[in-house]
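Computed from heavy atoms alone, side chains included, the values below leave out hydrogens, waters and symmetry copies. In this text the structure is predicted, and so the values were computed from the model without any measurement. Throughout, protein chains are lettered first and strands after them, A, B, ... in sequence-line order, and every chain is numbered starting at 1.
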Protein chains: 2
Amino acid sequence: MPGTLPVTAYVVLGLVSVRPTTGHDLAAFAERSIGQFFSLTRSHVYSELDRLCRLGLLDVTEVQQERFPTKRLYEITGDGAEALASWLDDSALRGERQRNLFLVRVFFGDRMSPARLEALLDSYEQATRARRDLLAATVERLSGRPQSTFRAATAMFGLAQAQASLDWVDQVRPLLLGARCADPDQC
Amino acid sequence: MPGTLPVTAYVVLGLVSVRPTTGHDLAAFAERSIGQFFSLTRSHVYSELDRLCRLGLLDVTEVQQERFPTKRLYEITGDGAEALASWLDDSALRGERQRNLFLVRVFFGDRMSPARLEALLDSYEQATRARRDLLAATVERLSGRPQSTFRAATAMFGLAQAQASLDWVDQVRPLLLGARCADPDQC
DNA sequence: TTTGACATGTAAGCCGTTACATGATTTA
DNA sequence: TAAATCATGTAACGGCTTACATGTCAAA
């Protein structure tokens, strides 16, 4: 029971546990499903699959195909399922404060020109609005499907965060742009 | 003008630009100020300060002290200020989708026992509530200080996110815990 | 004819974390 | 006497990303 595997290994293990897949397929599935809150490159997928096999947490079988190249089909083993379960049950989920580069820029906002600061807020708002609309559509699509409850919940989380971000932009824009104004005639 | 320095270098540069500091002091200041959305270890601070010096973006002077060890005081150079400004103005702020391990666990929630899932939500709610209260106090403290507008804005962002997270927990808890119930007598 | 889906990897390299290492001074 | 503040780093290591490398088949 190595509790010391990197997070990505457990994530890959979890994705394989949904259904047996190939590296190619898993990378695409990851992007579609957990892509909003966990990034995973194809390269990394392949190396993690390899490691998990060597550890006996996954089994692999080569499958010949007529029209496509031979593929390697991975499936979870008993040990793998156990390792996944114990990771999921591990209460030691620590802080994991995550970096937010947008906020870093806002923090240093007094070093930007007002025009540039406004552009920063505008582009953030635009990107966030797009994200919100995308997630709203996803929630719409998944709602009502009882088998997609957990997936829907993660989309709802993203939706709530995006909406809160947009509300925040509306709230702070006047404060931030007003704060920069050194010219009394403008204020 | 290397636009290719790691993000951490620019963050350190930005923090030094606030006022000349030592590595020790800067690490503490980083924790206090941007710690909520950017992590920075002491080790890393020292190595980045060193690099920025070698690149001519910072100047260092050794200062002897009576009661304390000699310290190295760093301050930003003209080139450094220029590099910082051009990084802040760089519109190519890309997606930077950040990992959220809590959401990963929720995504795999159907692999947990209902009791464990509930415990996960409870501990998340508790941690988030603590975070919200902390940030609310910070916002309270910074509000009204005109020189702290940008810093207050970042705290308000965290506060808005935390509140949205709490609302989300209330919203999805019944869905997630109800979804697991396979026993008709329990539902 | 070119794009896209299918399919699998290797190699290089920096970034960032954790652990290690040291030592004086003040305060509880 | 123990802990906290002040002060500076080195060493090791793995994680993760980027770029490189290859090839078939179907559809536009």
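Proximity note for A/P6 (side chain, C-beta onward) versus D/dT17, D/dC16, C/dT17: the nearest is D/dC16. Here the side chain of B/H24 is nearest to one of D/dC16, C/dG9, D/dC6, namely D/dC6. The nucleotide whose nearest atom lies closest to any side-chain atom of B/Q65 is, among C/dG16, D/dA7, C/dT8, D/dA7. Checking C/dT8, D/dG9, C/dT18 against every side-chain atom of B/R72, the shortest atom distance belongs to D/dG9.
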For nucleotides 20-27 of chain D, list the nitrogen or oxygen atoms of the protein found under 3.5 Å from its nitrogen or oxygen atoms, one pair per line.
from: D/dA26; atom 1: OP1; to: A/R67; atom 2: NH1; distance (Å): 2.9

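Aromatic ring pairs are classed by plane angle as parallel below 30°, tilted from 30° to 60° and perpendicular above 60°; the pair B/F102 and B/Y124 is parallel.
With a 6.0 Å radius and a threshold of 12 heavy atoms from other residues, nucleotides or ligands, B/Q126 has its CD atom at or below the threshold. Under a cut-off of 6.0 angstrom, the local environment of CD in B/Q171 is crowded, with over 12 non-hydrogen atoms contributed by other residues, nucleotides or ligands. Within 6.0 Å of CD on A/Q147 lie more than 12 heavy atoms contributed by other residues, nucleotides or ligands.
Using a 4.0 Å cut-off between charged side-chain N and carboxylate O, A/R173 and A/D122 make a salt bridge. Between A/R105 and B/D89 no salt bridge is recorded (no basic side-chain N to carboxylate O distance below 4.0 Å). The existence of a salt bridge linking A/D25 and A/R19 is confirmed by a sub-4.0 Å separation between a basic side-chain nitrogen and an acidic carboxylate oxygen. The pair A/D133-A/R129 does not count as a salt bridge, with every side-chain nitrogen at least 4.0 angstrom from each carboxylate oxygen.
Rounded to an integer number of Å, the gap from B/H44 NE2 to C/dA19 C1' is 16 Å. Nucleotide D/dT17 holds its P atom 11 Å from the CD atom of A/E31, rounded to whole Å. In this structure, CZ of B/R51 is placed 19 Å from P of D/dT8, rounded to the nearest angstrom. Rounded to a whole Å, the CG atom of A/L40 is 12 Å from the C1' atom of D/dG15. At whole-Å resolution of the value, CD in A/Q98 and C1' in C/dG16 are 16 Å apart. Atom-to-atom, OH of B/Y46 to P of C/dA21 comes out at 18 Å; the value is rounded to the nearest Å. In this entry the distance linking CG of A/L5 with P of D/dG15 reads 8 Å, nearest Å. Spacing between atom CZ of B/F38 and atom C1' of C/dC15 amounts to 11 Å, rounded to whole angstrom units.
Note on B/S47: every side-chain N or O is 4.0 Å or more away from OP1 and OP2 of D/dT10. Not one side-chain nitrogen or oxygen of A/T70 sits closer than 4.0 Å to the OP1 or OP2 atom of C/dA7.
Residues B/L117 and B/F108 have side chains not in contact (no heavy-atom distance under 4.5 Å, counting atoms from C-beta outward).
In the helix from C/dT1-D/dA28 to C/dA28-D/dT1, the end axes, each obtained as the rotation axis mapping the C1' atoms of four pairs onto the next four within a five-pair block, lie 40° apart to the nearest 10 degrees.
For A/Q65 and A/T70, the side-chain atoms include no donor-acceptor pair closer than 3.5 Å.
Taking the nucleotide of DNA chain D with the nearest heavy atom to each of B/K71 and A/S39, the more 5' of the two is matched to B/K71.
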